[in-house]
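Values reported hereafter were calculated over all heavy atoms of this structure, with side chains retained and with hydrogens, waters and symmetry mates removed. Numbers restart at 1 for each chain; the letters A, B, ... are given by sequence-line order, proteins then strands.
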Number of protein chains: 2
Amino acid sequence: MAGKGAILPREQLRQETEQRILRAAEPVFAEAGYAGATMAALAAAASLPKANLHYYFHTKEALYRAVLDNILTVWLSATDRIVPDGDPARAFSHYIRTKMTLSRLRPQASKVFANEILRGAPQLHSVLGGALRSLVAEKSRVIEGWIAQGLMDPVEPRHLFFAIWAMTQTYADFDVQIRAVLDVDRLGDREFSAGTALIERLVLRGCGVRPAG
Amino acid sequence: MAGKGAILPREQLRQETEQRILRAAEPVFAEAGYAGATMAALAAAASLPKANLHYYFHTKEALYRAVLDNILTVWLSATDRIVPDGDPARAFSHYIRTKMTLSRLRPQASKVFANEILRGAPQLHSVLGGALRSLVAEKSRVIEGWIAQGLMDPVEPRHLFFAIWAMTQTYADFDVQIRAVLDVDRLGDREFSAGTALIERLVLRGCGVRPAG
DNA sequence: GTCTATAAAGGGATAGAC
DNA sequence: GTCTATCCCTTTATAGAC
């Protein structure tokens, strides 16, 4: 395509086009699911002929995998502040806010992930039983440390993660339902503030989290 | 089909076959989503030739609608105990347990529902903005009454519903993820007890629910 | 009501010119 | 690297015998 501005090395052009396809594919997979997303729709979203998608990603499954991998990196890094010497109240608060921000800024990414898990995680099975399980195990030990120090009530850390994931991601995955019940066209500041406040309250008071001494 | 036992009136036979198809269709739609579920797979699940499905439900969409309607009835009736003169602690406790039991006994139903909402609720849009919104509005007034009576802390009732729905349904919708993290083959008594206990704790302590005087 | 065979449309993937 | 035309398989839906 002429008039693109600076002349790019082939490799860089390839990566740019790949990224453009991946960004365009996310909402398509999010709204239609894997089976419902057609190569024609994916191509239209990226403003390319179908054949070009097959040139960059040999199969539909390969393209889908690439979209998922793109999302996973962001998803797994959200627990950063849950560390042994941290303050539990601040750590949970930060984690909940980070997850809510992700739901707000990248709802399509959350939906793609939700679709994958709903189908039984055919592509992510090994990640769930590998990297994710390890990450949760590590963070659970941190929480158990806080419990042992009397900084919070005794709770099952892993089920606490399930609860936090569910409560925060529902604002992305089930946004249609939330909008319908609240009778608003889109979820804005007001809705996300109210949701975040409630989730923080449930977690902090529910677990009896006390500020670190 | 001969040897079916008692001779049934035509109408009754029709309803029996319809019910058999609906029951068989639920897990297929749950595991594959709407687009991924093929009439061939749905027919095989009901042990019928494809053509018979079209005889009972003219189109795939009509069959899907029937499956959804079947589920909705059960789903909407779960808030029964949230009534003005009830005890908040018992009411929330009962609601959470009912929802967890649904997740345990009818995980496929929950997944079909989740898939529908994820796609933007093309079939259920009017239900969400109609019956569901009304139900939640009514139950929210009950909760606001409890707050006014000082039976619990002030919280946004509708966001509380979103949180409870999310936390309980995740044990059905995202079971693969939960099983992977917990490293178990299936979710049994142990897992559902731990999950229920945590959710009850988060809601009851999180909202400062006090037993009615 | 049940079933086999088939029509009609849509979907993933490729060939081959540019 | 890009694009048009096309192959071939799958899918929904129907026709018509039993």
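Partners of A:His94 under the side chain to side chain contact (heavy atoms under 4.5 Å, CB included) rule, at least two apart in sequence or in another chain, are A:Arg81, A:Thr98. Checked against ring pair (Phe, Tyr, Trp, His ring centres under 6.0 Å), A:Phe162 has the following partners two or more places apart in sequence or in another chain: A:His159, A:Trp165.
For B:Tyr64 and D:dT11, the OH to P distance is 19 Å, given to the nearest whole Å. Here the C1' atom of nucleotide C:dT2 and the CD1 atom of B:Ile21 are 12 Å apart, to the nearest Å. Remark: P of D:dT10 and NZ of B:Lys60 are 16 Å apart, rounded to the nearest angstrom. Put simply, CG on A:Asn52 is 5 Å from P on D:dC3, counting in whole angstrom units. The CG-C1' distance, from A:Leu63 to C:dA13, rounds to 14 Å in whole Å. Rounded to whole Å, atom P of D:dG1 lies 12 Å from atom CD of A:Glu16. Look at CD on B:Gln15: it is 10 Å from P on C:dG1, rounded to the nearest Å. Distance A:Tyr56 OH to D:dT2 P: 4 Å, rounded to the nearest Å.
Using a cut-off of 4.0 Å between Lys/Arg side-chain N and Asp/Glu carboxylate O, B:Glu191 and B:Arg186 are scored as not salt-bridged.
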Chi angles and distances behind the side chain to side chain contact (heavy atoms under 4.5 Å, CB included) call for B:Ile199, B:Tyr171: CA-CA 11 Å; B:Ile199 297 167; B:Tyr171 283 85; 4.1 Å; yes
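Using a 4.0 Å cutoff on non-hydrogen atoms, the parts of residues 35-43 of chain B near DNA chain D are B:Ala37, B:Thr38, B:Met39, ordered by number. Residues from residues 22-29 of chain B placing a heavy atom under 4.0 Å of any atom in DNA chain C do not occur.
Here the closest heavy-atom approach between residue A:Ala89 and residue A:Val209 is recorded as N-CG1, 3.5 Å. Of all heavy-atom pairs between A:Val74 and A:Arg106, the closest is CG2-NH1, 3.8 Å.
Annotation: cation-pi pair B:Lys60/B:Tyr34 present, NZ/CZ under 6.0 Å from the ring centroid and within 45° of its normal.
Atom CG of A:Leu118 and atom CD of B:Glu31 lie 11.0 Å apart (nearest 0.5 Å).
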Would you give me the side-chain donor-acceptor pairs under 3.5 Å for residues 39-53 of chain B, sequence neighbours excluded?
none

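With B:Arg65 contributing its side chain and B:Gln123 its backbone, the two residues share a donor-acceptor pair below 3.5 Å.
Side chains of A:Glu116 and A:Tyr64: a donor on one and an acceptor on the other come within 3.5 Å.
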Distances under 3.5 Å only, N/O to N/O: pair up the protein atoms with those of nucleotides 14-18 of chain D.
| unit_1 | atom_1 | unit_2 | atom_2 | d |
| --- | --- | --- | --- | --- |
| D:dT14 | OP2 | B:His58 | NE2 | 3.4 |

